[in-house]
Participant: 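Input: one structure, supplied below.
What you are looking at is a predicted structure, and each value in this text was computed from that prediction instead of being measured. Any value given below was found using the heavy atoms of this structure, including those in side chains, with hydrogens, waters and symmetry copies removed. Each chain gets a letter, A, B and so on, in the order its sequence line appears, and its residues count up from 1.
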Amino acid sequence: MSGERYNPRESEPKWQKVWDEKQSFLTANDDPRDPYYVLEMFPYPSGRIHMGHVRNYAMGDVVARYHRAKGKNVLHPMGWDAFGLPAENAAIERKTHPGTWTYANIEAMKKQLKSMGLSIDWSREIATCSPDYYRHQQTMFLNMLEKGLVTRKSSKVNWDPVDMTVLANEQVIDGKGWRSGAPVEQRELVQWFFKISDFAEDLLAALDGLTEWPEKVRTMQRNWIGKSEGLRLLFEMVRSDKTNATSIEVFTTRPDTIFGASFIGLSPDHPLTTQLAADNADLAAFVAECHRHGTSTETLEKAEKQGFDTGLRVKHPVIEGETLPVYVANFILMDYGTGAIFGCPAHDQRDLDLARKYGLSVTPVVLPPDADPATFSIDNEAYTDAGTIFNSDFLNGLSIDDAKKAIAEHFGARQVDGKPQGKVEVNYRLRDWGISRQRYWGCPIPVVHCEVCGTVPVPKKDLPVVLPDDVSFDKPGNALDHHPTWKHVNCPQCGAAARRETDTMDTFVDSSWYFARFTAPNADTPTIPEIANRWLPVDQYIGGIEHAILHLLYSRFFTRAMKETGHVGLDEPFKGMFTQGMVTHETYKAETGEWVNPTEIVIDSEGEKRSARHIQTGAPITIGSVEKMSKSKKNVVDPDEIVATYGADTARWFMLSDSPPERDVQWTEAGVEGASRFQQRVWRLVNDVVALAEQSPDTVASDDKNALDIRKAVHRAIAGVSQDIEGLRFNRAVAQIYELTNVLAKARDGKPTGAVIAALREGVQSLIQLINPMMPHLAESCWEVLGNEGLVSDALWPEVDPAMLVDDEVTLPIQINGRRRGEITLAKGMAAADVESQVMALDLVQKALEGKEPKKVVIVQDRIVNIVA
RNA sequence: GCGGGCGUGGUGGAAUGGUAGACACAAGGGACUUAAAAUCCCUCGGCGAUAGCUGUGCGGGUUCGAGUCCCGCCGCCCGCACCA
């Protein structure tokens, strides 16, 4: 028996079947135990899982199985983020329906996930492309429409010319579409929006309460929301025949620098610019030029500051009799603030660049600390740091903050055009969330456009608005719009011929509430609020950092919107958030420069030197850098092959060991083999101990020192592993399990007495329970060998005996002048005076002191002794 | 440019201000074997024969004591980026 190797290929499917048959991981909503909701970001059904999924779901499963063992009612569901463009591309390439392709992929991936042995309640599985799911999304869209959380407006949008659809700001990365990578163009389109900006302040403020989120993610969201406090300020215009506008409104965060103002800047898209350009061909050409360059971020960055003098002038608001020129400038954005600024070149680099180019005045008004007001001047670098206001009449001598307050009061009390000249205002960078996508494979937006009644919601009794099946992807663009009949309907209000909305929703809408749907996946309503409120927020959410802004911010907004529409009773969907690192692998390159897959090469090691050659041709292969696994670099490892070769437990164990979970992990063949060896070691240990116990049935002399040491090691491990799993430090939990295994194996090999064997028997029992969340199949097999009734998956987590964590002796390091010179083993908790007399009596101490008295003796109880000679 | 993070053996990484390098991988040596695989044992930051000295990117500081805290550099990574 003990000679047999553990065979995961036999054992893993066996236990998966047992779990299935016993419905081990089904979760009841009415279970009275404490609820615990653990969720990993659901996958896009691309057809195959990758190692990133394995890592993500291995972590989630550890958390789920641990809390199950701790007696919680654990919800651990899985679903599919099933709408999206790849299905349409596949439809074009393979002449299949996007749904056919998607559901086939779901089947394939589900099989793969099941082979991992995850403790998932598959009865709650959802696919966002199913009408059973998206009908509720349509209901909520209409609820949100009623509540004024949805608008339709014409807006300049990011247009992806490859995917032929609109992208949200968040989906544009470095000026390129997040999926297609194509440079994004600006277009003017009528779009549906969720009014996420109404929640900007709340979304920002509530970040402080998300204490179980990574600081990095919170920071990224804070920056994205981009709150800035400033002043809206009216500049009175000097009369001109070019326009009848009487004032220009600007937004500034630096009103304290108003005495240094030297021009007004307008966005090329400012209404006044547009008006002036109508009669001014040169200005029109300038604006057109700005638009040409205005699309990609890269060009923006390098673009020179350019301005166009409109000839208009405004009155300087605080310097009597002085006027300022009005420029149109290429760097001013229309959709931030008011689309107009006042330029203070001395204290803003962009303004300075423009001022130098057009010879405008540069007056410093903030004096750096220690600078001499008589000689301080600005060269080609604006001064943006703290200082004291000068050259500024009634603001002189104030700090920047005080000056801001003073000038806000000053302008608040004055009137221009019958309004206060200045008004304190808060601005956010966060824009409304444009959800319209000109695609077929998405959730239809349930409205009808009627010439008479305008935009009419589809009556709720007519939901869901279902996607038509008979679609063709022969033409580029929106197949829904191209469908011959689908969009032609009668107006639900007046009955006249009308047109269905053919935009579908951004797939980020689908993933903004799936976590709520899991709590009642078959309900007739989007949620059953009492049930959702019991489960939510998700106790532990785990996923990739790439969703730090998009998905997590949208979900936070959507949860608030669901609260306002009565579907849930809370604001924040995710109490604990964890972002795991990527899975990386070495890259391999042939002499031809082509990337080569790891399976096609063999590594030769000679000492520490490694070289690679092609298996078939023997051609030399260059070992390249370690990179994120990607198809393009061919440095991917297929989870199916790993499971087939080593088993799921080995893959899971390796994904959890060594690297801290938030950091990248490097997949190596040697590492996997190490994990696999450990699996065999555990199997052997358990079998050996069982055999020993059978031969030596008599038990327990509890004062046996060796047996006690084993028990202590076991309980230390239980305590440590529990803490590490709760803190998501899986690599440290793994290390502690190794440590315990080493202790137990050593005891097995050391001619164990009856008492030791009894302790060992208990020890391996606990060890298997500690291993269970990580290698559940192995654990079940060992559990069986140990002669337990039932499944280890159903067993409660071992209890820590606090008495076993206490040592009555402790070994203190002895430092002399901060350097370690020796150690002493004393009774734990010994009084400082007693410790001192014991330590001072030591030869090594007396030798070091050379007969002198120590200057000082520091004793930290049970930790350290430091003697200052 | 702004914001955040990180820098520890050959490698991945441990270390509530208290014995730096737990645990693992790689490497080297040995045992068992006809041989191999598997397994087990030993060594493994550097210098040194030992005692010892030295060592956590670099330079300072606080402290009885610093990988950890503070200041200043250097390097790498990530995010945002004409947001007034």
Participant: Between D724(A) and Q736(A), does any side-chain donor sit less than 3.5 Å from a side-chain acceptor?
Facilitator: yes

Participant: What does N427(A) touch in the nucleic acid at a heavy-atom separation under 4.0 angstrom: a base, only the sugar-phosphate, or nothing?
Facilitator: nothing

Participant: Between D688(A) and R748(A), does any NZ, NE, NH1 or NH2 come within less than 4.0 Å of an OD or OE carboxylate oxygen?
Facilitator: yes

Participant: Between Y336(A) and F251(A), how do the two ring planes meet: parallel, tilted or perpendicular, split at 30° and 60°?
Facilitator: perpendicular

Participant: Give a yes/no answer on whether the side chain of Y336(A) brings an N or O atom under 4.0 Å of OP1 or OP2 in A84(B).
Facilitator: yes

Participant: Considering every strand shown, what is the Watson-Crick or G-U wobble mate of C40(B) when both distances are under 3.5 Å?
Facilitator: G30(B)

Participant: Mind checking if R254(A) touches a base, just sugar-phosphate, or nothing, with heavy atoms under 4.0 Å?
Facilitator: sugar-phosphate

Participant: With sugar-phosphate meaning primed atoms plus P, OP1 and OP2, does V868(A) contact a base, only sugar-phosphate, or nothing at under 4.0 Å between heavy atoms?
Facilitator: sugar-phosphate

Participant: Which nucleotide, in any strand shown, forms a Watson-Crick or G-U wobble pair with U68(B), with both distances under 3.5 Å?
Facilitator: none

Participant: Which part of the nucleic acid, if any, lies within contact of S228(A), taking any heavy atom under 4.0 Å across all strands shown: a base, the sugar-phosphate backbone alone, or nothing?
Facilitator: sugar-phosphate

Participant: For N742(A), report the nucleic acid contact type (base, sugar-phosphate, nothing); a contact means any heavy atom under 4.0 Å.
Facilitator: sugar-phosphate

Participant: So, is G57(B) syn or anti if syn means the angle is within 90° of 0?
Facilitator: anti

Participant: Using purine N1 to pyrimidine N3 plus N6-O4 or O6-N4 for Watson-Crick, or N1-O2 and O6-N3 for G-U wobble, each under 3.5 Å, what pairs with G3(B)?
Facilitator: C78(B)

